[in-house]
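Remember, it's 1-based here, ligands and their atoms both numbered in the order they're listed. Note that the coordinates shown come from a computational prediction; the quantities given were computed from them, not determined experimentally.
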Amino acid sequence: MERKDPLFQGSNISLEKISGFLKKFKFDIKDIKDIDLDNTYIKNIKLKRALALFMIATMMILGYTGYKVNEIKTRAYDVYFGEEKIGTLKTEEEALQKIKEVKAELSSEYGASVVLNKEIKFERTHVKDSEISSDVGFRESVKSNIGALVSGYSLKVNGEELGVLKSKKEVDYVINKIKEPYLKRASKDATIKEVKILEDIEIAKKEVPIGDIDKQNDLIEYIKTGSEEVKIHVVEVGESFWTIAKIYGMKVEDLEQANSDRDPTKLKPGDEIKLLVPKSKITVATKEEVEYTEEVNYDVKIEEDKNMYKNQKKVKVQGVNGENKIVASEVRHNGVSIEKEILKEEVIREPVTEVVVQGTKEVPKTVATGTFFMPTRGRITSPFGRRWGRMHTGIDIGASHGSAIKAADGGTVSFSGYQGSYGYMVEINHGNGYRTRYAHCSKIHVKKGQKVAKGQHIANVGNTGRSYGSHVHFEVIKNGVHQNPTRYVR
Ligand SMILES: [Zn+2]
């Protein structure tokens with residue numbers, strides 16, 4: 001049996017439940033009636049126990065009821081625009097007042113009278129305090145459901161509507177804001193000659209629900225980043241998501257999101273990383289006139305000289321770069337250079353042509369090439385340097401008796417004959433500060449003063465002079481100083 005008392009509204013407490021609770025304590029309400037007050041001590045104890053339990057039960061009922069009282073619902077009104085519920089307020093007057101205020105606010109904002117085209121309805125209800133609409137919430141709800149149309153200006157780019165703003169002035173402001181950075185970027189030597197938007201721009205008056213009017217800054221942001229272009233970056237040695245993000249001015253998180261299939265800690269050179277680069281919905285084309293100076297490389301003229309060898313050349317006139325002043329027209333799309341056309345080129349300084357004299361005379365084989373080769377084939381049996389406390393001024397190349405000894409480079413024979421411990425020896429002056437010696441020969445084929453070509457057979461291997469076994473003692477002397485021949489031969 002449900003109590004109709006308002007105190008118990010919404011609760012389902014009943015007497016049966018309370019008595020059921022008491023029975024759990026092996027006691028019944030009728031026991032209380034049966035209690036004989038004039039009875040024994042035991043009966044008194046029973047009475048005391050009954051009273052205590054009764055009090056506990058009463059306190060529990062009161063406590064539960066008290067909680068229910070706090071939760072009591074308030075009389076209120078649900079507010080409807082046609083079938084659309086707008087919110088819940090305590091009085092009709094309060095709702096009407098707020099709706100009136102919102103309408104006035106919108107009217108002044110859009111410069112037009114706002115007419116509510118739906119019926120306002122109220123429905124009586126009971127709600128908890130927390131279910132009453134907040135002031136801000138109710139007003140927002142009125143705004144978005146008011147259904148009234150206002151005049152706005154839509155911005156269409158290549159037929160796609162990007163947004164609707166309150167006024168034409170706002171749309172113009174947005175377009176100017178998009179152009180702005182590319183007008184500023186021009187350097188001090190550049191003059192902007194032309195600015196245009198490549199896309200087809202259409203601004204049209206349009207009736208739209210109030211809630212569809214965009215905020216100009218939101219529209220600017222959308223135009224700037226509205227579409228994204230995927231670019232690829234190939235990872236180089238030592239790069240990480242952090243350094244790559246820095247290169248492209250991106251956030252590391254965005255980079256990680258675009259490459260969620262990759263472990264950022266396992267990047268290796270050659271990996272391809274996707275870059276989501278925001279791409280503006282509008283392309284601002286600028287035509288700048290730029291002025292700068294440019295170096296002009298000098299030409300080189302060759303003059304032939306038949307008195308000089310083919311491998312000889314010398315600079316007769318040193319070339320000097322020239323300098324030109326350039327006026328160019330440069331087209332940029334959103335700041336990126338697309339094409340450059342030179343309009344005017346003015347010489348500031350003419351370049352000076354370099355004149356190089358090149359010999360044509362055939363180089364005789366007896367002229368030194370500057371490099372040496374081994375005079376005979378064989379193993380080096382004794383190296384250059386200190387040996388048994390004495391200086392060994394050349395290298396010994398072991399070869400069989402009578403093998404050919406060849407000139408290590410072209411030159412003129414400066415000694416040919418017997419020379420003490422060297423035995424039979426040939427010395428060649430190469431004319432470039434170098435002389436070479438070939439000692440312990442068995443036979444000599446050249447005379448002093450004779451020109452010899454590189455590789456020419458000049459003597460035979462022998463064992464003359466201070467020698468133990470058949471070999472060539474080979475020396476390389478540079479400006480009078482003995483060198484280690486192994487550093488020169490190739
Ligand atoms: Zn030797």
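Considering just the N/O/S atoms of His392, the one nearest the Zn ion (ligand 1) carries the name NE2. When the Zn ion (ligand 1) is compared with the N/O/S atoms of Asp396, atom OD1 turns out nearest. Between the Zn ion (ligand 1) and the N, O or S atoms of His473, the shortest distance is to ND1.
Residues Ile397 and His471 fail the side-chain proximity criterion, which asks for heavy atoms closer than 4.5 Å. You'll find the side chain of Pro364 reaches within 4.5 Å of the side chain of Tyr309, heavy atoms only. Counting heavy atoms from C-beta on, the side chains of Tyr182 and Val195 never come closer than 4.5 Å.
The distance from the Zn ion (ligand 1) to the nearest N/O/S atom of His440 is not under 2.8 Å.
With ring centers used as reference points, His430 lies under 6.0 Å from Phe372.
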